[in-house]
Number of protein chains: 2
Amino acid sequence: MMTVRQDVHSAGIPVLCQSCEARHRGVCGALDPDQLVGLAKTSSRHKIEPGVELIGDAETVDSYSNVLSGVVKLTKSLSDGRQQIVGLQFAPDFLGRPFKAESAINAEAATNVSLCSFPKTAIERMMKESPELEHRLLRQTLNELDEAREWMVTLGRKTASEKVASFLLMIARNIDPTADPAARSATFDLPLTRADIADFLGLTIETVSRQLTRLRTENVIRIDNNRHVTVDSLARLEQRSGA
Amino acid sequence: MMTVRQDVHSAGIPVLCQSCEARHRGVCGALDPDQLVGLAKTSSRHKIEPGVELIGDAETVDSYSNVLSGVVKLTKSLSDGRQQIVGLQFAPDFLGRPFKAESAINAEAATNVSLCSFPKTAIERMMKESPELEHRLLRQTLNELDEAREWMVTLGRKTASEKVASFLLMIARNIDPTADPAARSATFDLPLTRADIADFLGLTIETVSRQLTRLRTENVIRIDNNRHVTVDSLARLEQRSGA
DNA sequence: CCGATGCCTTGATTTCGGTCAAAGCCCCCA
DNA sequence: TGGGGGCTTTGACCGAAATCAAGGCATCGG
């Protein structure tokens, strides 16, 4: 895989989705050099501001993307405006719903996001040619399904304070640069506002705020600037996450 | 696809997973006749009683199955016993988690279930040979992901009465034999006990019972024998499901 | 420097759903 | 026929989280 990327690089083609290989979840590593070159011609990089909508509900989607950096939130809404975040995509996740013209969900940049996008048709053609690409996609989709089910437990059966603890743990695992699983502490910037966290956990902003305050007063975490979090003891946070 | 199955049939091989084709979600239709014959040799039919555990949490899984009839519930539990149903598998869904030795979830027969099972190795070998099989699996997994996200909205943002209405609608769509989408009424047997419904919706049995009673007294549904449900007006049920 | 705006926090009160407790119903079986 | 067990319903009460309402605290632009 590494050699594939280097082949492309040495051929003078800009690296496509440089972070695809990280955590083995990107899709580009599945392509052979010829395909990569072909895809690179049709792909484009984008920088996106927080709050910008990437995929609209019931809108026709004509491109797929890899998330290169930042966090994208996937949301669904009820007709009266109640909203639920149904997934967060971190680099190097794939963005888009194959085999469906319409998306049933919204995707919106939660932070500054950079994307590598390609036309739907380009990916779909390659998927026909390259079983390995479809294989990657299947693996990522299965992982996302596991994650979704994990959150169903959180949404359905955990208390507010367990939800907030679980959320912080999940973010720490995905964002903290020093994240090795055995780490005793972690530090990171929250990619979501209190309103987003509430929409993710099925709570209100007030409840999220109160639970964060509680974790702060009990010295489990510290928060600077409303965003920068230090978890002093991941173990204590885990205890509160309901396991 | 139909011809594939007939080929096998006419060759004197017992039909494998006869309902695989229904709703285009089974996996066997992806195989060519030779593969089907090969798989038929290693596959076995099972009848399973309600309550029997099919896949244990963190247990090694060495077979996959297609659900031929009945309903299988997928559950996850917290360490203190709180439980959440994270999915229901109806015929002809595929059962099993490819590419992982251990399952993170439990699978248990909710009703009488009949399965067509095959060794993990057989399927995995065929997946390597047949991109079409992997393609089917990807499609089913994407559908399951869509469903899981739909339920995340229900779990996180709907009221108890909306949850129960949504549940009844979902069951009606999956079970009612007369189910065409435009139907104004439906009738079916609940495949789950009140306790299961509660675990599915993140509620308690008492709340589920009270909400069902309310729907009954308001003449939206009728219930005989605690299981046989008649929905007099699907439209009224939809109104109560939160949209 | 001031006010406006957008988040976030905190407090008071309400409410929905959970908990606890007691029947009811059904089915099976002796 | 009657008793027991499992599932469901119903009622009374309680409590966790929602709602309602201020107020704080940065950042931005005048």
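Residue numbering restarts at 1 for every chain, and letters A, B, ... go by the order of the sequence lines.
Between A:Phe94 and A:Tyr64, the distance separating the two ring centers is shorter than 6.0 angstrom.
Residue order along DNA chain C, read from the 5' end via each residue's closest nucleotide, puts A:Arg194 first among A:Arg194 and B:Asn225. A residue-by-residue look at A:Asn226 and B:Gly202 shows that A:Asn226 has its nearest nucleotide of DNA chain C further toward the 5' end.
Contact annotation for B:Thr193: backbone-only contact, meaning every heavy-atom pair under 4.0 Å involves sugar-phosphate atoms and none involves a base. If you check every strand for non-hydrogen atoms under 4.0 Å, B:Leu212 touches nothing. At a threshold of 4.0 angstrom between heavy atoms, the contacts of A:Arg227 with the nucleic acid are absent. When heavy atoms are screened at a 4.0 angstrom cut-off, B:Ile205 is found touching no nucleic acid atom at all. Using a 4.0 Å heavy-atom criterion, one finds that A:Ser209 contacts the bases of the nucleic acid, with or without backbone contacts as well. B:Arg214 comes within 4.0 angstrom of no nucleic acid atom, judged by non-hydrogen atoms across all strands.
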Enumerate all atom pairs, one protein N or O and one N or O from nucleotides 19-24 of chain D, separated by less than 3.5 Å.
{"unit_1": "D:dT19", "atom_1": "O4", "unit_2": "A:Arg210", "atom_2": "NH2", "d": "2.8"}
{"unit_1": "D:dC20", "atom_1": "N4", "unit_2": "A:Glu206", "atom_2": "OE2", "d": "3.1"}

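In this structure, CG of B:Asp224 is placed 15 Å from P of D:dT8, rounded to the nearest angstrom. Between the CG atom of B:Leu190 and the P atom of D:dC7 there is a distance of 15 Å, rounded to whole Å. As rounded to whole Å, 15 Å separates atom P of D:dA17 from atom CG of B:Leu203.
In this structure, the side chain of A:Gln211 does not engage the main chain of A:Val208 through any donor-acceptor pair within 3.5 Å. A donor-acceptor contact shorter than 3.5 Å is absent between the side chain of B:Arg227 and the backbone of B:Asp189.
In this structure, CG in A:Leu168 is found 11.5 Å from CZ in A:Arg240, a value given to the nearest 0.5 Å. Here CD1 of B:Ile171 is found 7.0 Å from CZ of B:Phe200. Values are rounded to the nearest 0.5 Å.
For B:Glu49, the CD atom is loosely surrounded, since the number of other residues' heavy atoms within 6.0 Å does not exceed 12.
Inter-residue side-chain proximity for A:Asn106 and A:Ile55 is flagged as unmet; no heavy-atom pair is nearer than 4.5 Å. At least one side-chain heavy atom of B:Arg236 sits less than 4.5 Å from a side-chain heavy atom of B:Asn219. Residues B:Arg82 and A:Glu162 have side chains in contact (heavy-atom distance under 4.5 Å, counting atoms from C-beta outward).
A nucleotide of DNA chain C counts as in contact with chain B when one of its atoms lies under 4.0 Å from a heavy atom; the first and last such, 5' to 3', are C:dG17 to C:dC27.
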